[in-house]
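See structure below.
One is the number of the first residue; the rest follow in order along the sequence.
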Amino acid sequence: MNKLLATITATTIATLLVPTIAIAQTLPKTLKQGMPYAQARKTLLNSGWQV
């Protein structure tokens, strides 16, 4: 019984501390290598990325 309780507790803690859903966001097609920082930042922010 103690082992089961420990497993349930560890699983619960892990679930709370580790995000269970990974959300992937693709890069905007207008983002290009060598683009000035200010322009790249504006492009990412306009695409919904957060700082």
Donor-acceptor list for residues 1-9 side chains, cut-off 3.5 Å, not counting sequence neighbours:
| unit_1 | atom_1 | unit_2 | atom_2 | d |
| --- | --- | --- | --- | --- |
| Thr7 | OG1 | Lys3 | O | 2.9 |
| Thr9 | OG1 | Leu5 | O | 2.8 |

Do any side-chain atoms of residues 44-51 form donor-acceptor pairs under 3.5 angstrom with protein atoms, and if so which ones, sequence neighbours left out?
| unit_1 | atom_1 | unit_2 | atom_2 | d |
| --- | --- | --- | --- | --- |
| Asn46 | ND2 | Lys42 | O | 3.2 |
| Ser47 | OG | Thr43 | O | 2.9 |

Return a table of donor-acceptor pairs under 3.5 angstrom between the side chains of residues 26-39 and protein atoms on other chains or two or more places apart.
| unit_1 | atom_1 | unit_2 | atom_2 | d |
| --- | --- | --- | --- | --- |
| Lys32 | NZ | Lys29 | O | 3.0 |

